[in-house]
Amino acid sequence: NLGVINIPVYVHVVYSNSNENISDAQVASQIAVLNDDFRRNNNDANNTPSEFASVAADTEINFTLANTFRYANSRTSWGTNNAVKAEYPPVTPETHMNIWVANIGGGILGYAQFPGGNLATDGIVVSPQYFGTTGYVAAPFDGGRTTTHEVGHYLNLRHIWGDGRCNRDDFVADTPSSDRPNYGCPTSAVHCRSNDQFMNYMDYTDDSCMNMFSLGQKERMRALFASGGGRAAL
Ligand code: ARG
Ligand code: ZN
Ligand code: CA
C-alpha cells in the first residue's frame, strides 16, 4: 500500500490577452478542486446516487503546485495537436505533471496524453475559461472538472463508455457499460443494460453534475505508481 500519493504540478499559463493571463487565485482554485475531487472531499459528494455511493472512491492521490510559468504569445488558439507544448516544452515530465492553460479553440475544453507516451508532449492542456472556479471561467464548465477529467486520462482512465458500443470496455468493472457520452445534467440514463454512471468525472456531463471516481478507477490509476508502473517516477 503506497498511502497517499502526492503529484507535484507545473502550470504553464500561455496568454494572448489579459483575461487568458489567469490569476494565481484561479490557478489555486483548480489545484483545490483536484484535491477535493481525488480525495472525495468534494462538497457535492452527497449527490452521488445511492446505487453508486458504495463504489465512490477517495483515490488517495493529491496535488501540490510546484510552480507557475507565464508566457505571452500573440497566437490566439492552439488546437489539440500539441503545438503549445512544442513552443513551451514540459519541465521534468518524469517527476512533475505539466498543465498548459492555453486557449485551444473550437469549443474544446481540454485534452490529455495517456501514460507511456512521448515525454516531450506529456501532460494536459486546458482552455483558461474552463480552468479553476474563479476569475476568467465560463459556465457550465466553471467547476474545475475539465482538469479533473483530463488528469483522469493522464492517469490512464478511459471514458466510461469505452468510446464505443456496449461491449467496448473502459477496463474498469464498477463503471457500468454505456455506448455514448452523456451531456448536460441527466436525472437517469440507460443505454446498455443498467444505469449509466453519468456523474462520473470520466463522462461528459456538466461540471455541477459530476461528483465521483469509482474504486475500480482508483485501482487503475494507482497501478501506475507501483514499481515499474507508467507514472512511478512522479
Ligand atoms: N471533452 C474533453 C475530453 O474528452 C473534456 C470533457 C470535460 N467535461 C466537463 N464537464 N468538464 O477530454
Ligand atoms: Zn476525455
Ligand atoms: Ca466499465
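Ligands are counted one by one from 1 in listed order, and the atoms in each one are counted from 1 as well. Keep in mind that what you see is a predicted model, and the values were worked out from it rather than measured.
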Completion exercise
At the Zn ion (ligand 2), NE2 of H153 and NE2 of H149 open up to roughly (10° bins) 100°
Exercise for the section: Give a yes or no on whether I7 and I99 share a hydrophobic cluster (residues Ile, Leu, Val, Met, Phe, Trp, Tyr; joining criterion: side-chain heavy atoms under 4.5 Å apart). Expected result: yes
Problem - Any N/O pair D206/ligand 1 closer than 3.5 Å - result: no
Completion exercise
Paired with N182, the side chain to side chain donor-acceptor pair (under 3.5 Å) test is passed by just one of D206, N200, D203, namely D203
Exercise for the section: Check each heavy atom of L109 against ligand 1 and say whether those closer than 4.0 Å belong to the side chain, the backbone, both or neither. Expected result: side chain
Practice task
Would you check whether T146 has a nitrogen or oxygen atom less than 3.5 angstrom from a nitrogen or oxygen atom of ligand 1?
Solution key: yes
Handout entry: Atoms in ligand 1 flagged as close to H153, the criterion being non-hydrogen separation under 4.0 Å
Key = 12 (O)
Problem - F38 and F213 aromatic centres sub-6.0 Å - result: yes
Practice task
Mind telling me whether W100 and H12 have parallel, tilted or perpendicular rings, with 30° and 60° as the class edges?
Solution key: parallel
Handout entry: the Ca ion (ligand 3) reached by V172 (N, O or S, under 3.0 Å)
Key = yes
Exercise for the section: Give the intermediate values and the outcome of side chain to side chain donor-acceptor pair (under 3.5 Å) for residues N19 and N17. Expected result: CA-CA 6 Å; N19 281 333; N17 61 52; 4.5 Å; no
Exercise for the section: Using a 4.0 Å heavy-atom threshold (strictly under), name the region of T205 that reaches ligand 1: side chain, backbone, both or neither. Expected result: backbone
Exercise for the section: Using distance alone, with no hydrogens and no angle criterion, decide if T121 and Q113 have a side-chain donor and acceptor under 3.5 Å apart. Expected result: yes
Problem - Lys/Arg-Asp/Glu bridge criterion (N-O < 4.0 Å) met for D44, R145 - result: yes
Practice task
Using a strict 4.0 Å cut-off to heavy atoms of H159, name the atoms of ligand 1 that fall inside it.
Solution key: 4 (O)
Practice task
Under 4.0 Å from a heavy atom of E150: give me the atoms of ligand 1 that qualify, with their elements.
Solution key: 2 (C), 3 (C), 5 (C), 12 (O)
Completion exercise
atom 4 (O) of ligand 1: closest protein heavy atom, distance to 0.1 Å, is Y204 OH, 2.7 Å
Practice task
May I ask you to list the atoms of ligand 1 that are less than 4.0 angstrom from any heavy atom of D207?
Solution key: 9 (C), 10 (N), 11 (N)
Exercise for the section: Verify the distance test for T175 against the Ca ion (ligand 3): any N/O/S atom under 3.0 Å, yes or no. Expected result: yes
Exercise for the section: Flag D174 as yes if one of its N/O/S atoms falls below 3.0 Å of the Ca ion (ligand 3), otherwise no. Expected result: no
Exercise for the section: Quick one: sort the Y183 and Y204 rings into parallel, tilted or perpendicular, breaks at 30° and 60°. Expected result: tilted
Problem - N/O/S atom name from D170 that is nearest to the position of the Ca ion (ligand 3) - result: OD1
Handout entry: Per-atom contacts of ligand 1 with G110, taking only distances under 4.0 Å to non-hydrogen atoms
Key = 2 (C), 12 (O)
Practice task
Assert yes or no for the condition that the ring centre distance of Y10 to F69 is strictly below 6.0 Å.
Solution key: yes
Exercise for the section: On the 0 to 90° scale, with breaks at 30° and 60°, tag the W161-H159 ring pair as parallel, tilted or perpendicular. Expected result: parallel
